[in-house]
Amino acid sequence: MPAPPENVYVVKPGDYLAVIARRLNVDWQDLAKVNGLRPPYTILPGQELVIPEAANGGREAPPYPGAGAFVIGRTNPAVVTLDEGLIRGGWTRHHDGNGYQKGPRFTEYTRRNVSDFQRSRPELRADPDGYPGPLTWKLLLS
């Protein structure tokens, strides 16, 4: 059987829309819309889902600002960009009780959310320290 095209994801047993969207770095609502899915968003193993454009190079990551931008307690405009990527991807589990919000300060909450993202990606899983290097930056923001 031939491999599916690059812009197609084949649903596996146990998959659900939010997990697939996170794995592909796309918004789950965009994934549902492109594939004509409506509530309750039922998908079945073997089903082919078209991947929205954003996952196929629709967004280019800005230049990596360097490790000095990501020091606990320091502020840097690049942290706002990092936060936007975390929020867009749903990597917001850790926060101060008021929800995760973007801002210029690199906090322990930011580091933990970046670490969650790193653990989710096979190419980053070996060292999920929460400090974005060039590859984490590129994968999170593209």
Side-chain angles (χ1 to χ4, degrees), residues 3-142:
E6 275 189 39
N7 68 334
V8 171
Y9 176 85
V10 179
V11 177
K12 297 171 186 62
D15 274 348
Y16 56 97
L17 208 56
V19 169
I20 295 168
R22 184 176 282 180
R23 188 178 302 138
L24 298 173
N25 200 25
V26 297
D27 183 81
W28 73 267
Q29 293 163 322
D30 292 342
L31 185 61
K33 183 177 179 181
V34 164
N35 289 283
L37 300 173
R38 297 194 180 355
Y41 305 107
T42 303
I43 55 174
L44 303 171
Q47 182 176 347
E48 293 186 350
L49 299 176
V50 174
I51 302 169
E53 276 300 310
N56 297 325
R59 186 179 309 138
E60 190 171 319
Y64 178 65
F70 309 111
V71 176
I72 298 287
R74 279 207 200 144
T75 61
N76 189 294
V79 178
V80 174
T81 303
L82 178 70
D83 284 344
E84 289 168 348
L86 290 168
I87 292 166
R88 185 173 49 251
W91 302 103
T92 58
R93 181 168 63 122
H94 306 284
H95 54 80
D96 64 2
N98 195 25
Y100 190 75
Q101 299 171 26
K102 68 180 179 179
R105 186 173 309 278
F106 190 78
T107 67
E108 182 62 22
Y109 302 118
T110 312
R111 191 195 67 73
R112 288 180 185 175
N113 288 327
V114 170
S115 181
D116 286 349
F117 171 75
Q118 290 169 327
R119 277 193 293 279
S120 78
R121 300 297 298 242
E123 58 270 70
L124 301 171
R125 198 171 290 148
D127 186 24
D129 64 1
Y131 294 96
L135 184 57
T136 297
W137 181 262
K138 179 181 176 188
L139 293 172
L140 182 62
L141 299 176
S142 60

Stepwise, does the side-chain contact (heavy atoms from CB on, under 4.5 Å) test hold for Val79 with Asp83? CA-CA 6 Å; Val79 178; Asp83 284 344; 3.9 Å; yes
I would like to know whether Val19 and Trp28 meet side-chain contact (heavy atoms from CB on, under 4.5 Å); could you show each step before the answer? CA-CA 8 Å; Val19 169; Trp28 73 267; over 6 Å; no
List the steps, then state whether salt bridge (Lys or Arg N to Asp or Glu O under 4.0 Å) holds for Glu84 with Arg88. CA-CA 6 Å; Glu84 289 168 348; Arg88 185 173 49 251; 5.7 Å; no
Set out, in order, the CA-CA distance, both residues' side-chain angles and the distance that settles side-chain hydrogen bond (donor to acceptor under 3.5 Å, both in side chains) for Gln118 and Thr136, then state yes or no. CA-CA 7 Å; Gln118 290 169 327; Thr136 297; 3.1 Å; yes
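Rounding to the nearest 0.5 Å places CG of Leu86 at 6.0 Å from CG of Asn113. Gln29 contributes atom CD, which lies 9.5 Å from atom CG of Leu17 (distance to the nearest 0.5 angstrom). One distance of note links CG of Leu135 with CG of Leu140; it measures 11.0 Å at 0.5 Å rounding. Here the OG-CZ distance, from Ser120 to Arg23, works out to 9.5 Å after rounding to the nearest 0.5 Å. Taking CD from Gln47 and CD1 from Ile20, the interatomic distance works out to 8.5 Å, rounded to the nearest 0.5 Å. Here the OH-CG distance, from Tyr109 to Asp96, works out to 5.5 Å after rounding to the nearest 0.5 Å.
Applying the ring-ring contact (aromatic ring centres under 6.0 Å, His included) definition to pairs two or more places apart or across chains, those involving residues 83-104 are Trp91-Phe117.
Ring to ring, Phe70 and Tyr131 are not that close: their centroids are 6.0 angstrom or more apart.
Between the side chain of Arg112 and the backbone N or O of Gly130, no donor-acceptor pair lies under 3.5 Å.
In terms of heavy atoms, Ala78 sits closest to Ala69 at CB-CB, 4.1 Å. Counting all heavy atoms, side chain and backbone alike, Pro132 lies closest to Tyr64 at O-OH, 2.8 Å. In this structure, Thr81 and Pro62 approach most closely via the heavy-atom pair CG2-CG, 3.9 Å.
At least one side-chain heavy atom of Leu82 sits less than 4.5 Å from a side-chain heavy atom of Trp137. Counting only heavy atoms from C-beta outward, the side chains of Val8 and Ile51 never approach each other to under 4.5 Å. Counting heavy atoms from C-beta on, the side chains of Asp129 and Ser115 never come closer than 4.5 Å.
For the salt bridge (charged side-chain N to carboxylate O under 4.0 Å, His left out) test with Asp116, the passing option among Arg121, Arg93, Arg111 is Arg93; the others fail.
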Donor-acceptor pairs under 3.5 Å, side chain of residues 32-46 to any protein atom, not counting sequence neighbours: which ones?
from: Asn35; atom 1: OD1; to: Val50; atom 2: N; distance (Å): 2.7
from: Asn35; atom 1: ND2; to: Leu31; atom 2: O; distance (Å): 2.8
from: Asn35; atom 1: ND2; to: Val50; atom 2: O; distance (Å): 2.9

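The environment of Arg119 atom CZ is dense: over 12 non-hydrogen atoms of other residues, nucleotides or ligands sit within 6.0 angstrom. Within 6.0 Å of the NZ atom in Lys12, the count of heavy atoms belonging to other residues, nucleotides or ligands exceeds 12.
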